[in-house]
Amino acid sequence: MGHKKVNLKKYNTFGLSVQANAFYRVRSVRGLINILKDNDLPVFILGGGSNILLTKDVDALLLKNELYGKSIIGRAGDTVKIGVRSGENWHRFVLWCIENDLAGVENLSLIPGTVGAAPIQNIGAYGTELKDVFAGLEALELATGNIRFFGKEECNFGYRDSIFKRDLKGKFFITKVFFNLKDAAAADINADYGAVKSVLARRGISSPGIRDISEAVIEIRQSKLPDPKQLGNSGSFFKNPVIDANYFHKIKEKFPDMVHYDLPDGSVKVPAGWLIEHAGWKGKRIGNTGSHAQQALVLVNYGDATGQEIKDLSDAIIASVREKYGIELEREVNVW
Ligand SMILES: Cc1cc2nc3c(=O)[nH]c(=O)nc-3n(C[C@H](O)[C@H](O)[C@H](O)COP(=O)(O)OP(=O)(O)OC[C@H]3O[C@@H](n4cnc5c(N)ncnc54)[C@H](O)[C@@H]3O)c2cc1C
């Protein structure tokens, strides 16, 4: 089949220049089913390319998600059910919710990428996670072409985690996501996060609405995170490690300043950014790549880096954090 070859530099937020040898734009579920019928290549699904590290050419059928459309499906009391096709841009969806007085996703403003990728790592920021508003999804099984519905329980959501990163990794194309949102007038606003509180206080807002929260989150994100259009990156490169309380108390004696959060199940979360910074990597540049000067957790492409260089840097960071603290960092980003 004469597929198009496409350079993926503008399709991934690291700005890595690799080639896709068979590039196909998915614009309808029917088109997706048809292309898969004739396909014997492995499949690579691409959304906004904001959570992938491409270390080599993509020798696979690359399915670029361009399934667009969203609608209000129904109302029950204060709850409004929305269905969104998976190629929609996440942040544009958030803005649409705010325009329509629908609450629930405002804390997740300005996260890059598509609606369809959001459940895969249960995106989260500023005290909210996707699972808090998730009402189910439809996905096409690549091997059979069958559409299957997944409820919340079946998705096994965890911290930056779901069944689609584990048992069902690479097996389904998520085509549509359903949300339970609230009428803004009846909604509980989540303004507990420290940085959000301070922006609202500075702006003199004492009882914020969803637009105030969204604007505060946008301001914080723009001041903290490098814009991928200026400096290639994929946001947080690593997850924050969760460690056993006994082990934490042991290393805390040696590193009394270690920032940490006690979790309800008794384990302890340590910010990966703190570990990376205190292992000496913050702002360090190696060739075309490095750890960002303001955000140690964000690895950046200074221009001509290869994915392999970024991967090598991440391996070196993992090894040095392991050596100094005995803690294993896990990549949040999907490596190809
Ligand atoms: C500056 C910046 C800030 C960020 N901040 C945050 C943040 O605050 N919180 C957070 O959680 N994340 C954050 N991220 C990460 C990223 O935005 C999210 O993980 C996002 O959901 C990725 O969406 P995407 O469409 O770009 O996915 P892609 O990078 O295109 O794909 C990610 C993975 O999902 C698979 N995939 C994509 N779409 C589908 C589909 N429809 N069906 C099946 N598999 C699919 C891909 O094959 C790949 O393995 C940030 C990234 C950047 C660059």
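From a predicted model like this one, the values you see are computed outputs, not experimental measurements. All ligand and atom numbering here is 1-based and tracks the order in the structure.
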The test is side chain to side chain donor-acceptor pair (under 3.5 Å); show your working for N65 and S86 and say whether it passes. CA-CA 7 Å; N65 187 359; S86 59; 2.9 Å; yes
Of V94, I220, L95, which meets side-chain contact (heavy atoms from CB on, under 4.5 Å) against S109? V94
Distance (rounded to the nearest 0.5 Å) between D315 CG and R331 CZ: 5.0 Å
S234: numbered ligand 1 atoms lying under 4.0 Å from its heavy atoms: 51 (C), 52 (C), 53 (C)
Gap separating the CG atom of N34 from the OG atom of S28, nearest 0.5 angstrom: 7.5 Å
Using the ring of each side chain (for Trp, its six-membered ring), is Y11 parallel, tilted or perpendicular to F23, with breaks at 30° and 60°? tilted
Between N233 and ligand 1, which residue portion shows a heavy-atom distance shorter than 4.0 Å: side chain, backbone, both, or neither? both
So F164 and F172, would you call those rings parallel, tilted or perpendicular, with 30° and 60° as cut-offs? perpendicular
For atom 32 (C) of ligand 1, which protein heavy atom lies nearest, and how many Å away is it? N334 ND2, 3.7 Å
Identify, by atom number and element, the atoms of ligand 1 in contact range of G113, meaning under 4.0 Å from any of its heavy atoms. 23 (O), 24 (P), 25 (O), 26 (O)
Does the plane of the ring in F248 sit parallel, tilted or perpendicular to the ring in H260? Use 30° and 60° as the thresholds. tilted
So the atoms of ligand 1 within less than 4.0 Å of a heavy atom of T13 turn out to be 53 (C)
With F173, which of L36, L67, V43 fulfils side-chain contact (heavy atoms from CB on, under 4.5 Å)? L67
Once you measure the plane-to-plane angle for W90 and F93, does it fall in the parallel (<30°), tilted (30-60°) or perpendicular (>60°) bin? perpendicular
Could you tell me whether the side chain of E309 and the main chain of T306 form a donor-acceptor pair under 3.5 Å? yes
Nearest-contact summary for atom 21 (O) of ligand 1 - protein heavy atom, Å: I123 CG2, 3.3 Å
Closest heavy-atom approach to atom 9 (N) of ligand 1 among G87, G124, A125, A139 is made by G124
Is the contact between I52 and ligand 1 made by the side chain, the backbone, both, or neither, using heavy atoms and a 4.0 Å cut-off? both
Short version for I120: what comes under 4.0 Å of ligand 1, heavy atoms counted, is side chain
Does the cation-pi check pass for K81 over F178, that is, NZ or CZ under 6.0 Å from the six-membered ring centre and within 45° of its axis? yes
The answer for which part of N51 has a heavy atom under 4.0 Å from ligand 1 is both
Which residue and atom name correspond to the protein heavy atom nearest atom 24 (P) of ligand 1, and how close is it? G48 N, 3.4 Å
What residue and atom, counting heavy atoms only, is the protein's closest point to atom 13 (C) of ligand 1, and at what distance? I111 CG2, 3.8 Å
Heavy-atom contacts under 4.0 Å between F172 and ligand 1: side chain, backbone, both, or neither? backbone
What protein heavy atom is closest to atom 6 (C) of ligand 1, reported as residue, atom name and distance in Å? R221 NH2, 3.6 Å
Return the closest protein heavy atom for atom 42 (N) of ligand 1 as residue, atom name and distance. I174 N, 2.9 Å
For atom 19 (O) of ligand 1, what's the nearest protein heavy-atom neighbour? Residue, atom name and distance, please. Q121 NE2, 2.8 Å
Salt bridge between R148 and E154, side-chain N to carboxylate O under 4.0 Å? yes
G47 heavy atoms, cut-off 4.0 Å: which ligand 1 atoms fall inside? 25 (O), 30 (O)
Nearest protein heavy-atom contact for atom 39 (C) of ligand 1: which residue, which atom, what distance? I45 CG2, 3.5 Å
Check this for me: does any side-chain nitrogen of one of D183 and R75 sit under 4.0 Å from a carboxylate oxygen of the other? yes
Honestly, for S50 the part within reach of ligand 1 (heavy atoms, under 4.0 Å) is both
Heavy-atom proximity to atom 52 (C) of ligand 1, best of P119, A117, G235: G235
Using a strict cut-off of 4.0 Å, indicate which atoms of ligand 1 neighbour a heavy atom of N65. 41 (N)
